[in-house]
Amino acid sequence: MALQIIRAERVEKYYAQPSENRIQVIAPTDLSIESGEIVALLGPSGSGKSTLLRMLTGLSEPSGGEVYWHDKAISTADVNVSIVFQSFALFPWLTVLENVEAALKARGMDAAERRRRSLKILDTVGLDGFQAAYPKELSGGMRQRVGFARALVVEPEVLFMDEPFSALDVLTAENLRSELLELWQKKTIPTRSIFIVTHNIEEAVLLADRIIVLGRNPGHVRTDFKVKLEHPRDRKASGFTQLVDYIYKVLTQPDAQPPALPATPAGRRAHYQMLPHARPGGIAGLLELLLDHQGKDDIYRLADDLAFEIDDLLPIVDAARLLGFLTVTEGDAAITATGAEYANSEILRQKELFRIAAVENVLLLRQIVRAIEAKSDRSVPEEFFHDMLDEQFSEEETVRQLETAISWGRYAELFDFDAGRRRFIQPAKLSVEDEEEKTESPEEIDA
Ligand code: ADP
Ligand code: MG
């Protein structure tokens, strides 16, 4: 497992209002940044990307939750990050060299060492010969090189970038991107992780090992997956364009459950849906309420009636949709025939309907059931599925996917999970209905 450098637990951000309502910008969110990865954070404008970035760097304090830097609360830790901004944010009255040196000065380094390091990094980013120039004498691309030099000269463990290429023309941006990638891949810079905020899908697919898509109102993680394409990446390759299309779909359907990822050209198993983290009890509650509302209602109104934050309700809606219990059009949830039957049934029939829907619609659950059946000891290690999911999702998302699968599988009595041995096993306890069936069968009576 890769080393976690930064870990955010249930971080959220809201702004107080004169009225009692507050503006929730980021819903409680878990997120970690691991060593060795380039993470791209994508999302529509105003979804809270910059806000999240600022909390992850320790620059801004969350309204709730906690950010850890190497397992230490970030507010008290010795944090080593730097940030590159879209606006370059250079001191206009300082030369290029002085701008870079200023970053080291802030860290209390002596003058000779400051100069040595600054000249070296200017050379690395292609600014050799521009030491004495002032920012206003430089093109946008050159100014952003100074921005990179200033960020890199402190040798940050994590390099954060907030839309660093957005203000540049296409060609300049492309050059800077590939140069940065080269520095990273050749380990010319000691940076161990890069976190880039962008609204450019191709940029994310070009650079990132992992992409997180943020939804808005309030900001929340919609999907978080690994990009398995080899570098250098070819924008015209089918794996590349498929991934771009996939992300485009996710972004343009803000109310929809993200579809399954396209398979990679290498044929890796990148085909799991992302299971929404909802409990079966929540799904039942939502369907019953929906039935009460003549089978159809606005999702925001449902959230209101349940006294749920919309962000807590959306995974439940997504889960019910994935199982075929409801459909969503233009913000309205409508119950399906199966959903209505589910809501009207008693518990055993509900479990049965859930079981059928789960096996039909959820690949991971189907695979777990098959794997158990195929084994003579009727048990399969969790690790087996962990490794498959890990190909596609980040470590923390893999863990959450497995937790959700276990909760659904247990409820539906598809399987049980032995937490001590970390193995999926046949359901330990059969439901009363199944028990009755069993005692009726002759073999059982003989036994
Ligand atoms: P992004 O970087 O994704 O475009 P931001 O993180 O900059 O989004 O902003 C997210 C949301 O937070 C925006 O809707 C913005 O209006 C809101 N916001 C930012 N600062 C404040 C503030 N001080 N008070 C109220 N709302 C704010
Ligand atoms: Mg922003």
Side-chain angles (χ1 to χ4, degrees), residues 6 8-33 38-67 74 81-90 140 143-144 147-148 150-151 158-168 173 176-177 180 194-208 210-225 244 247-255 258 300 303 309-312 314 331:
I6 295 175
E9 286 180 3
R10 310 298 291 162
V11 289
E12 58 181 319
K13 187 78 177 181
Y14 47 79
Y15 293 99
Q17 288 290 96
S19 67
E20 63 186 80
N21 291 332
R22 60 193 194 194
I23 300 178
Q24 183 94 27
V25 174
I26 299 286
T29 298
D30 295 328
L31 191 73
S32 67
I33 299 177
I38 300 185
V39 184
L41 180 66
L42 269 168
S45 165
S47 55
K49 301 182 295 296
S50 299
T51 306
L52 195 55
L53 177 142
R54 292 166 65 85
M55 292 196 290
L56 291 173
T57 58
L59 206 61
S60 136
E61 209 181 316
S63 315
E66 184 72 73
V67 180
I74 201 162
V81 301
S82 40
I83 313 179
V84 177
F85 296 97
Q86 174 184 348
S87 58
F88 320 138
L90 303 178
R143 278 185 224 170
Q144 193 56 305
F148 276 109
R150 199 180 44 185
V158 184
L159 174 66
F160 283 92
M161 304 190 280
D162 195 345
E163 313 214 12
F165 308 113
S166 317
L168 307 175
L176 269 182
R177 242 180 245 125
L180 177 74
I194 295 180
F195 186 96
I196 176 171
V197 163
T198 175
H199 60 244
N200 181 331
I201 302 177
E202 289 205 4
E203 180 169 292
V205 178
L206 207 57
L207 295 175
R210 174 181 163 201
I211 295 178
I212 301 171
V213 179
L214 216 57
R216 62 204 297 185
N217 292 328
H220 62 282
V221 174
R222 294 195 55 219
T223 172
D224 175 348
F225 59 90
V244 169
I247 299 168
Y248 182 78
K249 248 184 232 153
V250 173
L251 283 168
T252 50
Q253 298 172 9
D255 297 325
Y300 279 82
E309 296 290 337
I310 186 74
D311 192 61
D312 294 328
L314 282 180

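Each residue takes its place number in the sequence, starting with 1. As the structure lists them, so they are numbered: ligands from 1, and atoms in each ligand from 1. Source: prediction; values computed, not measured.
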Next item on the list: Take atom 15 (C) of ligand 1 and look for protein heavy atoms under 4.0 Å from it; say yes if you find one, no if not.
Entry: no
Check: How far is atom 4 (O) of ligand 1 from its nearest protein heavy atom, and which residue and atom is that?
Finding: G46 N, 2.7 Å
Checklist line | Nearby protein N/O/S atoms (those under 2.8 Å) for the Mg ion (ligand 2), with water ignored | finding: S50 OG
Next item on the list: Return the residue, atom name and 0.1 Å-rounded distance of the protein heavy atom closest to atom 8 (O) of ligand 1.
Entry: G48 N, 3.2 Å
Notebook entry, point to check: How close does the nearest protein non-hydrogen atom get to atom 7 (O) of ligand 1, and which residue and atom is it?
Noted result: S50 CB, 3.8 Å
Check: Quick check: does any side chain N or O of T198 sit under 3.5 Å from a backbone N or O of A204, one acting as donor and the other as acceptor?
Finding: no
Next item on the list: Look only at the side chain of E163 and the backbone of I196, and say whether a donor-acceptor pair between them is shorter than 3.5 Å.
Entry: no
Notebook entry, point to check: Does F88 have R143 sitting over its ring (NZ/CZ under 6.0 Å from centre, angle to axis within 45°)?
Noted result: no
Checklist line | Any N/O pair S47/ligand 1 closer than 3.5 Å | finding: yes
Checklist line | Non-hydrogen atoms of P62 and V67 that approach each other most closely | finding: CG-CG2, 4.2 Å
Notebook entry, point to check: Quick check: does any side chain N or O of R150 sit under 3.5 Å from a backbone N or O of S82, one acting as donor and the other as acceptor?
Noted result: no
Checklist line | Nearest-contact summary for atom 23 (N) of ligand 1 - protein heavy atom, Å | finding: Y15 CE2, 3.4 Å
Item checked: Element-labelled atoms of ligand 1 that are located less than 4.0 Å from some non-hydrogen atom of S45 -> 4 (O)
Check: If you take all heavy atoms of A151 and V84, which pair is closest and at what distance?
Finding: CB-CG2, 3.5 Å
Next item on the list: Measure the distances from the heavy atoms of G43 to every atom of ligand 1 and state whether one is below 4.0 angstrom.
Entry: no
Check: Does R210 use its side chain to pair, donor to acceptor, with the backbone of I33 at less than 3.5 Å?
Finding: no
Next item on the list: Evaluate whether atom CD of E309 has more than 12 neighbouring non-hydrogen atoms of other residues, nucleotides or ligands under 6.0 angstrom away.
Entry: no
Checklist line | Minimum-distance protein heavy atom relative to atom 17 (C) of ligand 1 | finding: V25 CG2, 3.8 Å
Item checked: E9 backbone acceptor or donor facing D30 side chain under 3.5 Å -> no
Note to self: Once you restrict to heavy atoms under 4.0 Å, what part of T51 touches ligand 1? Side chain, backbone, both or neither.
What the structure shows: both
Check: Does G219 come within less than 4.0 Å of ligand 1, judged by its heavy atoms?
Finding: no
Checklist line | Proximal atoms of ligand 1 relative to P44 (non-hydrogen, under 4.0 Å) | finding: 3 (O)
Notebook entry, point to check: Would you say K49's side chain and L41's backbone share a donor-acceptor pair under 3.5 angstrom?
Noted result: no
Note to self: Has K13 got a side-chain atom pairing as donor or acceptor with E61's backbone, closer than 3.5 angstrom?
What the structure shows: yes
Next item on the list: Examine distances only and state if a side-chain atom of E12 and a backbone atom of Q24 form a donor-acceptor pair shorter than 3.5 Å.
Entry: no
